[in-house]
Number of protein chains: 2
Amino acid sequence: MKYSHQTRILVAIDCIVFGFDGEKLKLLLIQRGMEPEKNKWSLMGGFVEPDKSLEVAANVILKDLTGLEGVYLEQLQAFGGINRDPIERTVSLAYFALIDIHQYEKQLSHEHHAEWFETSKIPQLIFDHNEMVEMAKKKLRYKAALHPILFELLPEKFTIPQLQSLYEGIYDSVFDKRNFSRKILSTGLLIKQGDKDKLNSKKGAFYYILDKGKYNANFHAFLNLIPNPDHLQFV
Amino acid sequence: MKYSHQTRILVAIDCIVFGFDGEKLKLLLIQRGMEPEKNKWSLMGGFVEPDKSLEVAANVILKDLTGLEGVYLEQLQAFGGINRDPIERTVSLAYFALIDIHQYEKQLSHEHHAEWFETSKIPQLIFDHNEMVEMAKKKLRYKAALHPILFELLPEKFTIPQLQSLYEGIYDSVFDKRNFSRKILSTGLLIKQGDKDKLNSKKGAFYYILDKGKYNANFHAFLNLIPNPDHLQFV
DNA sequence: ACAAAAGTGTTTACACTACACCCATGT
DNA sequence: ACATGGGTGTAGTGTAAACACTTTTGT
């Protein structure tokens, strides 16, 4: 039994993958493999197949096009303008992912010419993908101001100066390091390690790891992670 | 030209309509007009037609089933489990709406047996609609803690005690009225009127209206609208 | 006169900000 | 020895919470 007289529509998923390499926030793009707009830069996209839930479809598309697996993936928004794909009406569900670039460096397949772009230097993308990326950037900034989501972008062991430079990159601001470290440590989410990262300074900075239990338990609590949030542009 | 070898899928929209009648937060439901599950309680839903964008489709569906037009409507989430509709695979985009029940009382059509239910007494709904409602309630609580969204549920003129009882209903809590009124007034969003509402008390409470300009300009700023947000359960 | 809800002010604790110096180490 | 980035403390300010009494008016 089926619903008769109803029009079925193509349903696609597009993944916006943010990565951090210790220096800058970057965006993963591939060269589109099919017409139209073949070889133009594009998000990782594909169609939802009948036997796959949205979650599964999103993970499979990401895996197939980039090799990435087991990363943080969250639904962003449905995009459904009538002519967003010139070939045929397609409703696209945008997802965004957060990864530590170095950790997934080996897993990342270059079969589809996946490349990292600085988020401030994103080329023209196909369809409405630039709009999706802008929305994802805003959502990331919004969410990161309240929840400790940016840890998804860091390696297991990281230093507070690394963390701060991540926040500073995302908000394109400079924060006071004394206040920043006090605020971050006061969340109780970080566990200090005995060893230091000596790559970025002579003195070396202590490594920290995330307290996974507290992270999961407190993820939805409101934290005040950035100074003067009202002065920043989010949405 | 079309994408060949791809499966097209039914795309539906389901609208979660919250309303406030001055006393309680309520949810609008209708009795489903078609098989399967005919006559069971359901959200307002329909299929996305090929010539309608998602925004348009959501508004049309809401209008057709309830008569409501021009209300606050926001995309919530895509639901895409394989068997969420037993008849045929359907991806549903959930939207939620906020209205003042009295203001739309006359506009509300009862053609489809639309009825208001207290949000704490929601019957069993078809498919995954109960899950959608739960998510919408959480999102509303989350968003209302940070942004002045609840004004969408109030009439043009309202009193601070009314506003407080709305917040108290949504968070199932009791707030200190001195702190509440100070906090709300300090947002600068309210304009005091000369007249009073004398229905709910002998002394009467001054009416306020929303400063629309400031409301639109400040909507995305972070406001601290409820006490001790960290102690409340959101998500 | 009394009941019922509106309205208002103060004190206290905590959180955020601004700000400057010492520390450890590699060169 | 010096340059570089890491790490820490304090004072001042502002914001949020706890708390109780007076006002108005309908009955």
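Side chains included, hydrogens not; waters and symmetry mates left out as well; all remaining heavy atoms used. Order of the sequence lines fixes the chain letters, A, B, ..., with proteins taken first and strands second; residue numbering starts at 1 for each chain.
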Mind listing the side-chain donor-acceptor pairs of residues 201-212 of chain A below 3.5 Å, one per line with the distance, residues two or more places apart or on another chain?
unit_1   : atom_1 : unit_2   : atom_2 : d
A:Ser201 : OG     : A:Gly204 : N      : 2.9
A:Asp211 : OD1    : A:Gly213 : N      : 3.3
A:Asp211 : OD1    : A:Lys214 : N      : 3.2

Within the 6.0 Å centroid threshold, strictly below: A:Phe158 and A:His102: no

Working for ring pair (Phe, Tyr, Trp, His ring centres under 6.0 Å), residues B:Phe222 and A:Tyr142: CA-CA 10 Å; B:Phe222 288 135; A:Tyr142 183 92; 5.2 Å; yes

Distance in angstrom units between B:Ile160 CD1 and C:dA5 C1', rounded: 14 Å

Residues in contact with DNA chain D, drawn from residues 185-199 of chain A - heavy-atom cutoff 4.0 Å: none

Ionic contact status for B:Glu74 with B:Lys143, cut-off 4.0 Å: yes

NZ/NE/NH1/NH2 to OD/OE distance under 4.0 Å, A:Lys63 and A:Glu69: yes

Electrostatic pair B:Lys26:B:Glu118 at N-O distance under 4.0 angstrom: no

Separation of D:dG6 C1' from A:Phe180 CZ (nearest whole Å): 14 Å

Distance test, side-chain N/O of B:Lys183 to OP1/OP2 of D:dA17, below 4.0 Å: yes

B:Arg178 (side chain) and D:dA18 (base): donor-acceptor pair under 3.5 Å: no

Spacing between B:Phe175 atom CZ and D:dC19 atom C1', to the nearest angstrom: 17 Å

Atom-to-atom span, CG of B:Leu223 to P of D:dA16 - whole angstrom: 10 Å

Nearest-angstrom distance from the residue atom CG of A:Asn224 to C1' of D:dG14: 14 Å

Nearest-angstrom distance from the residue atom CG of A:Asn179 to P of C:dC14: 19 Å

Strand-adjacent residues in residues 200-209 of chain B, judged by heavy atoms under 4.0 Å from DNA chain D: B:Lys202, B:Lys203

For atom CZ of B:Arg182 and atom P of C:dG9, their distance in whole Å: 10 Å

B:Gln164 side chain vs B:Phe175 backbone, donor-acceptor pair below 3.5 Å: yes

Ion pair check, B:Asp197 and B:Lys157, cut-off under 4.0 Å: no

Atom-to-atom span, CG of B:Asp176 to C1' of C:dT10 - whole angstrom: 13 Å

Name of the residue among B:Leu150, B:Leu28, B:Leu98 meeting side chain to side chain contact (heavy atoms under 4.5 Å, CB included) with B:Phe18: B:Leu98

